[in-house]
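Note sheet for the following structure.
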Amino acid sequence: MTLPQQTLLRDAMRSLNLTRDAFCDRLGVSRRALDSWLLPDGSNEQRSMPTVVARFIAEIMATQQPAKYTQSVPNPSSNIVAGSPHLLSVSQFDRESVQALFRLADLLQPVARRQKVCRVLEGAVLANLFFEASTRTRISFGAAFCRLGGAVCDTTGFTFSSMAKGESIHDTSRVISGYVDAMVVRHPEQGAVAEFASATHIPVINGGDGPGEHPTQALLDLYTLEREFSRQGKLIDGCHIAIVGDLKHGRAVHSLVKLLCLYQRLTISLVAPTGLELPSELMDQLSRNGNQLRCNQQLAQGLAGADVIYATRVQKERMGSEALEGYSPDFQINLAAVQNWCKPDTVIMHPLPRDSRPDAHDLATDLNPDPRLAIFRQTDNGIPVRMAIFAQLLGVDQQVPHALRDCNWRHPPHLGPEDAAFDVLE
Ligand code: NCD
């Protein structure tokens with residue numbers, strides 16, 4: 001199998017854990033040459049890598065990690081699911097299975113970016129069962145399944161489901177598994193998605209269980225971070241990440257923090273209003289691996305020196321009578337705060353939705369034209385990451401490279417008017 005040059009290079013950098021600059025040094029090539037080899041096939045600036053370089057990379061990889069280099073498609077033993085057909089928690093991952101998933105997501109990027117089509121799930125049906133509010137998670141799971149050739153059935157809310165008639169999770173799950181090949185479930189109670197999974201052998205994916213976990217969100221966040229850093233020549237190991245907001249109830253943060261525990265030498269600044277701090281067991285996990293943990297109540301101190309800011313909204317729906325209306329204005333991340341306290345290349349992320357009501361003081365819209373704002377690159381990356389998850393869980397990951405075909409419709413080069421110039425749909 002011949003891999004696309006871009007995939008081969010990305011795989012190699014990832015497996016060797018080298019930044020672009022360090023990879024250039026290792027190969028003895030200029031950064032400019034590497035950048036041009038890393039552009040997608042068909043891009044005007046893209047250049048072919050000389051065969052001698054490809055051979056040299058193969059030799060380096062063969063000495064270091066022979067098993068990993070022989071195929072870009074992850075080997076099934078390094079899949080998420082070792083031992084489980086379901087994806088319920090990021091705790092199912094180790095660093096190798098995260099990298100295997102991301103390699104597959106890279107292979108699927110051309111499908112997400114409308115250059116290729118891939119129908120490895122033709123005939124399969126997904127049930128999207130969302131018992132809590134959702135826009136992007138539900139639609140992106142559905143779109144990812146459709147882009148792999150499958151079809152999707154949706155149900156939203158309790159009102160129109162048989163749970164309103166008192167049906168148990170067990171019965172609902174078993175019934176639905178007679179109709180479909182996979183389920184994505186979002187539920188307001190922590191642990192409820194695991195209960196769905198215990199009643200079926202078809203794959204169940206946790207689309208968010210109350211304040212518990214949101215594993216696919218954290219995976220797409222980490223994938224985005226890796227891609228942003230790869231462009232900047234940085235690695236996740238050793239980076240400084242500021243996590244800001246409702247760290248107590250945010251399940252996306254809970255999953256992300258657990259995934260970050262797979263990395264080393266991080267500096268993590270936690271910035272939360274009183275009462276919304278990260279649960280202590282997650283703090284304990286984070287402070288292992290030589291990571292440095294800083295708790296701040298001042299935004300300026302938390303953001304200073306950060307390579308990435310991960311902002312979140314106040315989860316009012318999970319609070320009782322103590323409900324905050326929103327953050328006080330001094331918690332708001334806006335253009336002025338970023339200009340005053342952040343570096344020129346700080347990556348700004350948020351799982352979305354951002355609460356745009358004026359009293360919420362969530363991530364401000366005046367950052368929209370700033371290319372440091374990665375929130376829509378983050379949502380776009382939900383598609384290749386969720387496609388990769390489906391492909392692994394349904395056992396078609398090995399077929400992906402052989403199933404990519406050109407797509408025959410037109411799409412605009414940028415999806416939104418404020419998209420960064422470097423983020424082109426080739
Ligand atoms: C998050 C969620 O639902 O947990 N949203 C999402 O899925 N992207 C975060 C949130 O609602 O604040």
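Just so you know, ligand 1 is whichever comes first in the structure, and atom 1 is the first atom listed for that ligand.
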Q. Any non-hydrogen atom of Ser134 lying under 4.0 Å from ligand 1?
A. no
Just to confirm my output: which protein heavy-atom neighbour is closest to [atom], and how far is it?
atom: atom 4 (O) of ligand 1; value: Arg251 NE, 2.7 Å
atom: atom 11 (O) of ligand 1; value: Arg313 NH2, 2.9 Å
atom: atom 5 (N) of ligand 1; value: Leu352 O, 2.9 Å

Q.
Between ligand 1 and Pro351, is the shortest N or O to N or O distance under 3.5 Å?
A. yes
**Q.** Arg186 N/O to ligand 1 N/O under 3.5 Å
**A.** yes
State whether a side-chain donor-acceptor pair under 3.5 Å links [X] with [Y].
X: Asn368; Y: Thr365; result: no
X: Asn289; Y: Tyr263; result: no
X: Gln109; Y: Asn381; result: yes

Atom indices of ligand 1 within 4.0 angstrom of [X] heavy atoms, with elements:
X: His214; result: 2 (C), 4 (O), 6 (C), 7 (O)
X: Pro353; result: 5 (N), 10 (C), 11 (O)
X: Gln315; result: 10 (C), 11 (O), 12 (O)
X: Arg136; result: 8 (N)

Q: State whether Asp355 and Arg357 are salt-bridged, where the test is any N-O pair (Lys NZ or Arg NE/NH1/NH2 against Asp/Glu carboxylate O) under 4.0 Å.
A: yes
Q) Are Asp419 and Arg377 ion-paired here, with the side-chain N under 4.0 Å from a carboxylate O? A) no
Q: Applying side-chain contact (heavy atoms from CB on, under 4.5 Å), run through Ile309 and Trp341 and close with a yes or a no.
A: CA-CA 11 Å; Ile309 302 170; Trp341 304 319; over 6 Å; no
**Q.** His361 ring center within less than 6.0 Å of Phe331 ring center
**A.** no
